[in-house]
Amino acid sequence: MDAVPIHDIFVIGGGINGCGIARDAAGRGFSVFLAEMNDLASGTSSGSTKLIHGGLRYLEHYEFRLVREALMEREVLWKAAPHIIWPMRFVLPYARGLRPAWLIRLGLFLYDHIGGRKLLPPTRTLDMTRDPAGKPLKPLFRTAFEYSDGWVNDARLVVLNARDAAERGATIRTRAKVVRARRENGNWTIAVENLRDKTVETVKARLVVNAAGPWVDRVLAGAVGQNDVHNVRLVQGSHIVVEKKFDDPRAYFFQNKDGRIIFAIPYEDDFTLIGTTDQDYLGDPREAKITEAEIDYLCAAASEYFAESVQRKDIVWTYSGVRPLYDDGASKAQEATRDYVLKSDAPDGQAAIVNIFGGKITTYRRLAESMLEKIEEHLGRRGKAWTAEASLPGGDFPATGFEAEVAKLKTAYPFLDLTHARRLTRLYGTRARILLGLARSEADLGRHFGADLYEAEVRYLMSQEWAMTAEDILWRRTKRGLKLTREQADALDRYMNGASGAIAAAE
């Protein structure tokens, strides 16, 4: 019987932090095995407000280091993945009786100057009686401040980090649950159950990274066997997606009378995304769903600003994410720190586990670099930090070159309509050509599942991006779930069930 090989690093969790760490570590020459019990980005990492932002409101809680690091990351990430990350201007209407104008101006001055902004335009003041941004709002908002942040397709950011990690040698397993992890003979022995066929695989590693997000404490208490674990505070954030409320490409930052804020953001061409809420969560993170109270809150908060109120009948989709914030004892959920905390545990020189508590999607790459410093304390130094200058798969074109990429794809595949070419470029960047291959007509893309989703894209997502179910494709990889009917989604699921074995065999 062959001996089980020993990996350097075993990563538990296929969210943004786990996949970012796997990518960074593999790129430095570490052997990496990552296990995700569901789909990649199936938890917190696809439940965000989808912003690459410094966190303007965190300045109120004096989290200057976190905000500065996040601001610096905006342009780094934009350059790395200009297909799935792009600049967005935000309009913050001034409302009397809330935060004073001088405080907003001070916050935005800091926002403009502490983060090394180079490409993003600066803050400016708007006359809402003249600017188009005032058109969809109530006439009582006469002044607003406009500033820069970024948009990200969060679930695709996770998958592209996993794809890059795999291409650098990492093993990525989804639907793979860690059921037991024990220290033995100076290493970790980990039992990984394949949730599709119920087989159990044994994996050995020199170090474990616990990047399980909301499940981080459960991993420690269950698989690892630690008792009395309480490191994270689970906070639910919910969003509603409604029929488009405005045509302006800018997003809105709305202050609420309770001191909280929400965003209203252009989404998937035809919709507006509104969120988020902040409330403590005590249940199973997998069961998180928007509450009736959250729906009422978001509708009411947005209706304070929009001339046309936001009503329940406008909602086409909702989603909720559970943030695993480090439990710093804050009294309110919205005041709990968004900063990340990394803690090593290696009793008496035994094999180490490094746990991640907290974090936010904007700073995932910096978190990974900090994690590699921790890992190197235990395993020794390998390669140097490299991700700040490296593009993610499909992002190997200039940060400001998206429209040129769309034009190139349209020229290479003239049968694509412009909307389809833009969507493929937005999701896959330069790798859209791999997906389309030798196609010379729409018929060459294979079976049509609805909207602009064809068999060629489905097969690519199954073979290259670990998609196993219709939900993986419709609600994480592509968001075509907003366009397909229930019958079309069911047909896609049946196709994927039948094709999975053939596609796996062909790879």
Side-chain angles (χ1 to χ4, degrees), residues 48-78 85 87-126 141 143-152 233 235 237 250-265 275-279 301 305 323-341 357-367 370:
S48 77
T49 313
K50 310 186 192 309
L51 300 181
I52 295 293
H53 66 140
L56 181 60
R57 65 195 172 106
Y58 305 147
L59 290 174
E60 291 185 302
H61 303 301
Y62 310 111
E63 299 208 50
F64 296 111
R65 189 210 65 79
L66 173 65
V67 174
R68 182 172 184 273
E69 182 173 278
L71 288 172
M72 292 172 70
E73 280 297 284
R74 294 178 305 178
E75 295 192 14
V76 172
L77 296 179
W78 176 22
I85 295 172
M88 186 172 277
R89 295 289 277 176
F90 287 77
V91 175
L92 196 171
Y94 170 64
R96 289 187 180 278
L98 301 180
R99 293 167 181 84
W102 68 264
L103 182 62
I104 296 172
R105 286 193 179 93
L106 175 60
L108 289 170
F109 177 83
L110 291 171
Y111 212 68
D112 263 354
H113 291 91
I114 66 174
R117 177 181 55 82
K118 294 186 177 73
L119 296 175
L120 295 170
T123 298
R124 66 187 186 118
T125 302
L126 304 180
F141 302 104
T143 301
F145 304 96
E146 182 183 306
Y147 68 96
S148 291
D149 259 329
W151 169 265
V152 60
R233 177 176 185 170
V235 174
R250 291 170 290 185
Y252 292 94
F253 176 124
F254 294 150
Q255 304 179 76
N256 302 332
K257 292 174 182 174
D258 61 4
R260 289 151 62 179
I261 62 100
I262 62 165
F263 294 99
I265 306 169
T276 180
T277 57
D278 273 302
Q279 62 180 34
Y305 286 84
R323 309 180 194 104
L325 306 183
Y326 183 66
D327 194 351
D328 61 356
S331 58
K332 294 181 181 178
Q334 62 266 32
E335 293 173 358
T337 182
R338 265 59 175 175
D339 213 344
Y340 54 82
V341 176
F357 308 115
K360 58 199 292 278
I361 202 162
T362 307
T363 52
Y364 89 90
R365 193 196 64 81
R366 291 290 293 269
L367 182 153
S370 297

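Numbering of residues begins at 1 and proceeds along the displayed sequence.
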Item to complete: Could you pull out all residues at least two apart from Arg74 that satisfy side chain to side chain donor-acceptor pair (under 3.5 Å)?
Response: Asp149

Item to complete: Check Leu119 against Glu75 and note the closest heavy-atom contact, atom names and distance.
Response: N-OE2, 2.8 Å

Item to complete: Can you sort out the partners of Tyr364 under side chain to side chain donor-acceptor pair (under 3.5 Å), two or more places apart, ordered by chain and number?
Response: Asn161

Worksheet item: Tell me, do Leu51 and Trp151 make a side-chain contact under 4.5 Å, heavy atoms counted?
Response: yes

Discussion item. With a sphere of 6.0 Å drawn around CZ of Arg65, does it hold more than 12 non-hydrogen atoms of other residues, nucleotides or ligands?
Written reply: yes

Item to complete: Kindly check if the number of other-residue, nucleotide or ligand heavy atoms within 6.0 Å of CZ (Phe64) is above 12?
Response: yes

Fill in: Exam field: side chain Tyr111 to backbone Gly55, donor-acceptor pair closer than 3.5 Å
yes

Discussion item. Do Thr362 and His53 have side chains that approach each other closer than 4.5 Å (heavy atoms only, starting at C-beta)?
Written reply: yes

Worksheet entry | Parallel, tilted or perpendicular, as decided by the 30° and 60° cut-offs, for the rings of Tyr147 and Phe90 | parallel

Discussion item. Within the 4.5 Å heavy-atom criterion, are Ile265 and Lys50 side-chain neighbours or not?
Written reply: no

Response to the item:
For Arg99 and Tyr94, the nearest pair of non-hydrogen atoms, with its separation, is O-CE1, 3.7 Å

Discussion item. To the nearest 0.5 Å, what is the distance between CG on Leu103 and CG on Leu98?
Written reply: 11.5 Å

Fill in: Side-chain touch Glu146/Pro121, heavy atoms, less than 4.5 angstrom
no

Worksheet item: Taking side chain as C-beta onward, heavy atoms only, is Lys360 less than 4.5 Å from Leu66?
Response: yes

Item to complete: State which residues pass side chain to side chain donor-acceptor pair (under 3.5 Å) with Arg68; sequence neighbours excluded, sorted by chain then number.
Response: none

Discussion item. I want to check something: taking the side chain as every heavy atom from C-beta on, are Thr123 and Phe109 in contact at a cut-off of under 4.5 Å?
Written reply: no

Worksheet item: Under 4.5 Å between any side-chain heavy atoms of Phe254 and Pro93, yes or no?
Response: yes

Worksheet item: Looking at CG of Asp112 and CZ of Arg117, how far apart are the two atoms once the value is rounded to the nearest 0.5 Å?
Response: 4.5 Å

Practice prompt. Over 60° means perpendicular and under 30° means parallel, so classify the ring planes of Tyr305 and Phe141, tilted if in between.
Written response: parallel

Worksheet item: Any side-chain heavy-atom pair from Leu92 and Ile104 closer than 4.5 angstrom?
Response: yes

Worksheet item: Is the NZ or CZ atom of Arg250 both under 6.0 Å from the centre of the six-membered ring of Phe145 and within 45° of that ring's axis?
Response: no

